[in-house]
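Everything below concerns the one structure shown next.
In what follows, residues are counted from 1 in the order of the sequence shown.
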Amino acid sequence: MKRIVFLSLLLSVCIALFAQSIPASDATPDYTQFEEKKTATEVIVPKEQHITDETANVRIEYMPMYDEVRIYYECMYVTYDRGEAMNTVIECLKDFQDDHKYFNYRYLTDDRERFFKDDKGRRKAMYISYVKFTR
């Protein structure tokens, strides 16, 4: 009986000696900062857009935490050519890959086309591609 009491007393003293108070800033990580980084999206307009249509423009939405990119090719509906849009997107993805030192990319979904009217009532076409890069 004395041994059990002695061991439990020794154990409680050891726990008390080795237990250290942790400052509050280290104990709880800053979840808001993590969430901001996790959901951060950079909007990039490529320097060289590789377009031949004067009404077209390219925009890239880059999510660095996931190495994912959504790329948008937008132009007027009457001048829209799917082949040109596809080639422009591929060239811009190659440039992005070289600039950000990625090794390869793969498509996460099939490319989509969207036709709509802008706020001025002009008919537009948008070609959207969603890819994941690997290092």
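Partner Glu74 forms a salt bridge (Lys or Arg N to Asp or Glu O under 4.0 Å) with one of Arg123, Arg122, Lys124 and no other, that one being Lys124.
Residues Phe103 and Phe133 place their aromatic rings such that the two centres sit no closer than 6.0 Å. For Phe115 and Tyr77, the ring centers sit closer than 6.0 Å to each other.
Atom CG of Asp118 has more than 12 heavy atoms from other residues, nucleotides or ligands within 6.0 Å. Atom CZ of Arg3 is surrounded by 12 or fewer heavy atoms from other residues, nucleotides or ligands within 6.0 Å.
Counting only N and O atoms by type, the side chains of His50 and Asp95 include a donor and acceptor under 3.5 Å apart.
Here the shortest heavy-atom pairing between Met63 and Val69 reads CE-N, 4.5 Å. Looking at every heavy atom in both residues, Thr88 comes nearest to Gln49 through CG2-O, 3.1 Å. Contact record, Val58 with Pro46: O-CD, 3.4 Å, taken as the closest heavy-atom pair. For Glu42 against Pro64, the heavy-atom pair with the smallest separation is OE2-CG, 3.8 Å.
Between Ile51 and Tyr73, the closest side-chain pair of non-hydrogen atoms falls below 4.5 Å. For the pair Tyr80 and Glu113, the minimum side-chain heavy-atom distance is below 4.5 Å. The side-chain heavy atoms of Tyr72 and Ile60, taken from C-beta on, include no pair separated by under 4.5 Å.
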Yes or no on salt bridge (Lys or Arg N to Asp or Glu O under 4.0 Å) for Arg82 and Glu84, after CA distance, side-chain angles and deciding distance?
CA-CA 6 Å; Arg82 182 182 169 95; Glu84 179 187 338; over 6 Å; no
Audit row: Cys92, Ile71, side chain to side chain contact (heavy atoms under 4.5 Å, CB included) steps and yes/no
CA-CA 9 Å; Cys92 288; Ile71 185 165; 3.7 Å; yes
Thr134 and Asn104: side chain to side chain donor-acceptor pair (under 3.5 Å), yes or no, with the steps?
CA-CA 5 Å; Thr134 55; Asn104 197 3; 4.9 Å; no
Start with the C-alpha distance between Leu93 and Val131, add both sets of side-chain angles, then the distance that settles side chain to side chain contact (heavy atoms under 4.5 Å, CB included), and finish with yes or no.
CA-CA 9 Å; Leu93 285 173; Val131 300; 3.8 Å; yes
Begin from the C-alpha positions of Met86 and Tyr127 and carry the test side chain to side chain contact (heavy atoms under 4.5 Å, CB included) through to its verdict.
CA-CA 8 Å; Met86 194 180 316; Tyr127 184 84; 3.6 Å; yes
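The side-chain tip of Arg114 points at the ring of Phe116 from less than 6.0 angstrom away and within 45° of straight on.
Using a 4.0 Å cut-off between a side-chain N of Lys or Arg and a carboxylate O of Asp or Glu, Glu68 and Arg70 do not qualify as a salt bridge.
With hydrophobic clusters built from ILVMFWY side chains whose heavy atoms lie under 4.5 angstrom apart, Tyr130 does not share a cluster with Ile128.
Atoms CE and CD, on Met76 and Glu54 in that order, are 12.5 Å from each other to the nearest 0.5 Å.
The aromatic rings of Tyr62 and Tyr102 sit perpendicular, their planes meeting at an angle over 60°, well past the 30° parallel limit.
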